[in-house]
Number of protein chains: 2
Amino acid sequence: MADILNERSQNILEAIVEDYITSAEPVGSRAISRKYDFNLSPASVRNVMADLEEMGLLCSPHTSSGRIPTGKGFQYYIDTLLNVRTLNRNEKQNLRNSYRFQNMRMEDVMQEVGRVLSGLSQYTGLVMAPKFISTVFRQIEFIRLTQGRLLMIYVSETGLVQNKVIEADPSLTVSDLEQIGNYLNSELNGLSIQEVRSKLNQELQEDRIHYDKLKKQALKLSCAALQDGIEDQLYVSGASLMLGQPEFSTPEQMKRLVHAFESKKLLIELLDRGQSAQGVQIFIGSESSQIDLEGCSLITSNFSNQKGAIGTLGVIGPIRMNYSQVVPIVDFTAQLVSRVLDREIDQD
Amino acid sequence: MADILNERSQNILEAIVEDYITSAEPVGSRAISRKYDFNLSPASVRNVMADLEEMGLLCSPHTSSGRIPTGKGFQYYIDTLLNVRTLNRNEKQNLRNSYRFQNMRMEDVMQEVGRVLSGLSQYTGLVMAPKFISTVFRQIEFIRLTQGRLLMIYVSETGLVQNKVIEADPSLTVSDLEQIGNYLNSELNGLSIQEVRSKLNQELQEDRIHYDKLKKQALKLSCAALQDGIEDQLYVSGASLMLGQPEFSTPEQMKRLVHAFESKKLLIELLDRGQSAQGVQIFIGSESSQIDLEGCSLITSNFSNQKGAIGTLGVIGPIRMNYSQVVPIVDFTAQLVSRVLDREIDQD
DNA sequence: ATTAGCACTCACCTCTATCGAGTGCTAACA
DNA sequence: TGTTAGCACTCGATAGAGGTGAGTGCTAAT
C-alpha cells in the first residue's frame, strides 16, 4: 500500500490528516498550500487531493467543502506516516509522577490508571484488570454464609481480590473449611489458574475412588470456585470528555456513546481482541464495526507481570485522535503498570 | 400549605402536574378543561392557573404558552396530592420474580437491583451498598504482599467483601498474621464496626503497657485496617435512559448529567442525606441545588438487615417523574433487599 | 507539470412572514 | 358573584428568500 503513493501525495495526506486532527473540520486545498511550504499552489494540491479521494483515502462531506480523511486514510496514516514521539527522560518522569500507586488496592490502581490516562489524553481511559484466568494463585478462603452456601475469596499473586458465592455440601463444618483452605493454599500456591484447573481435573479423576473424603471435598469445592464465572473488570474514566468532542456533539451520538460505555460488553470484546498482541495496538472505528462505537478509535497496550497476568489499558477517542501524543503515553503507562504489578509482591 | 388551596385549585393543579408528567410539554387551559370533566371553561381554568402561578406553584416558559409546575408545585403535589399506588399481590410477585439473587455476590446483588430498578422505571437506578461503618464484623484476613505491606480483606456479616492495603511492621511473619487474624476473628465477630472501633481504642489504651506483644500488634493492625478509608460503593444503572428524556435532550444537559453520574460524588452525597430516614424519600432537583443534577428528582429508600447495615437504593429521573408508579417499586424493592440481606446469613 | 482564472456548489446565516396555541382582559350572562 | 364568550395580543416554531464565503472542478495559459 505504502508504495502506491509518491512522496508528494504522502506529504499532502499527512498534512491533511494532521490539520484535521487539530481542527476537526474539512481541510481545503488553500489551507494546505499556505500552511505547509510544499511550494505548490492550491490548484496542484487539489489535483493530488482528487487522486487521494479516488483511492478512498479522503472524502468530502459535500461538493464544495474541504476533504476529511476516511477510515482507510487514517489507517494509512497510522501504518506508514505516523512517527510516534518518544518520551524524553523528563516526560517519563512526569508521567511516573502523575500516578500515585502507594498503598493502593489493585482496584484503585486500575481506576487511577484510567483516570490519569483520561486526564492526560483528554479522551476516555480504559483499563481492564488482568483476567481471572491469567492470574496466579496466591490464596483462597471459604466463608460459610448459610447452609450449603459459601463465600469464596480468591486473592491472586498481585493482590487482586475476587469473590464468588458457591453451593457446597451443607455438612461441611467451619473447621473442615479451614482445613480445606489450608490444603488448597499449600497445594496451589504459585500456579496459574490454568495450571490449577488442569491439576484439579487430574486429581479429581485420580482420587475418584480414593477414601480421603476431605481432600475430595477440597477438590470439588475449588473446582466450583475456580472453574469459571468470574467476570472481567473494566474501568472507564472520563466518558464525559468524549462528549466534548465535536464528532459526538449531537444528542443521538451522545446517547450511542454513553450506551456503549455503560454496557461495557462491547468494550471488553474490543479489548479482548488485542490481548495476545504485544506493544501498542490501534483499532479504528470503521474497522471495529461496532455501531455504538462508530467514529471511535482505540489505542491499547497490554500490561503483565513476570508471571503472566495480562490486563489491557488504553484510550478511546474520536478517530481524529492525536496519535503521536497518545500512543507513547499508553505505551509507557503499560510498562509502568507492569512494573507496579511486579513490585506488589516480594521478588523471590 | 395544604389548606391554602381550595378543592378546585387542588384538582386543577393535580391535573396539570399529571398531564405534564406524561407529556413533558406546557399544559394549556383548554386541554385541562377538556380532558378532565371539571365542568369548567378554559377561561375559568385560566383564572385558577393565574392564582397558582402567583403562589409560585406554576410558571410559564413565556407569555403565550401553557403552564408547567415549578419545583414548589411538584413538592406540593408530592406532599398532598400524590396517592401512591399500592402493589397488589400479583405485582409484588412479579417484582420479586424480576430479581434473581441466587448465589450472587453482594456486589452482584447491588448491581442487579440497580439494573432492575432502572429497567422497570425507565429512569436511572442507583444503589449504594451498606456503608462500611454500618456493617457487622464477620471475618478479617491479612495477606502479606511485600515487606511491610499487607492486604487486608474484610468480610461483613452479609458477605460484603472489602479490601485495603495497609502498612505494617515488616517483622511480622506469616504465622504471626494468622494468629492475629484468629485472635481478631474470635474477638470481634458479631460487633458492628462502630463497636469494633471503640473496643479497639479502649483496649489499645489498656494494653499500652502490657507485654503481650502480638496482641498489641493485632490491635494496631486492625486499627489501621478498620479505622477509615474504605469508600462507598455506588452502582449506577441505565444512565443512558435519562438521556432519552426530553428535558435532557440538549448536548449541554447531556454532558452535565453524564458528568454527574460519572463522578458519583454528588450522588453519594445526595443519597447520604436520606440515610437516617425511614421509608421512601423524595428529593426534588431545585431543592437539592446541585448544578449538575438540576432538573432531576430522586426517589430513595434505605434497606438494612436486622443487625443494622444500612444501604440506600433508588431511582433518579427528571422532576417530571411518574411518582405514583416509581415510589411503590422503590419501596418494595428496599423491603425485598432487606430480606435478602438477612437471608444471606444463618439466622441464629 | 503547474497554475491562474472562473463558474459553480452548497452549508450557513440572517431576515421576514406566517401560523397557531395560549394568554389576559373585559363585558355579558346565570 | 362566579362563570364564560369574545377578542386583541404575545411569542415560539416553521418555512422561505437572499446573501455570503469557503471550497471545488475544469480549462486554458505558462
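Because only heavy atoms are used, hydrogens play no part in the values below, and waters and symmetry mates are left out as well, while side chains stay in. Naming: A, B, ... by sequence-line order, numbering from 1 per chain.
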Rounded to the nearest angstrom, tell me the gap between atom [atom1] in [X] and atom [atom2] in [N].
{"X": "B:Glu53", "N": "C:dC25", "atom1": "CD", "atom2": "P", "result": "11 Å"}
{"X": "A:Met49", "N": "D:dA22", "atom1": "CE", "atom2": "C1'", "result": "12 Å"}
{"X": "A:Leu58", "N": "D:dG25", "atom1": "CG", "atom2": "P", "result": "11 Å"}
{"X": "B:Asp51", "N": "C:dG24", "atom1": "CG", "atom2": "P", "result": "10 Å"}
{"X": "A:Arg34", "N": "D:dG23", "atom1": "CZ", "atom2": "P", "result": "9 Å"}
{"X": "A:Arg30", "N": "D:dG21", "atom1": "CZ", "atom2": "P", "result": "13 Å"}
{"X": "B:Leu52", "N": "C:dG24", "atom1": "CG", "atom2": "C1'", "result": "16 Å"}

On the 0 to 90° scale, with breaks at 30° and 60°, tag the A:Tyr77-A:Phe74 ring pair as parallel, tilted or perpendicular.
perpendicular
For a quick check under 3.5 Å, do A:Asn6 and A:Ser9 share a side-chain donor-acceptor pair by atom type? yes
Is a donor from one side chain sitting under 3.5 angstrom from an acceptor on the other, for A:Tyr76 and A:Gln10? yes
Worked verdict on B:Asn302 versus B:Thr312 for side-chain hydrogen bond (donor to acceptor under 3.5 Å, both in side chains) = CA-CA 4 Å; B:Asn302 294 322; B:Thr312 306; 2.8 Å; yes
Heavy atoms of B:Phe332 and B:Leu95 approach each other most closely as CD2-CD2, 3.3 Å
For nucleotides 1-7 of chain C, 5' to 3', base contacts (B), sugar-phosphate-only contacts (S) and non-contacts (-) with protein non-hydrogen atoms under 4.0 Å give -SB-B--
side-chain contact (heavy atoms from CB on, under 4.5 Å) between A:Leu241 and A:Tyr123, worked out: CA-CA 6 Å; A:Leu241 287 174; A:Tyr123 303 123; over 6 Å; no
d(A:Ile319 CD1, A:Gln245 CD) to nearest 0.5 Å is 12.5 Å
Expected list for residues 59-68 of chain B near DNA chain C, using heavy atoms below 4.0 Å, is B:Thr63, B:Ser64, B:Ser65, B:Gly66, B:Arg67
Side-chain donor/acceptor of B:Gln111 to backbone N/O of B:Tyr235, under 3.5 Å
no
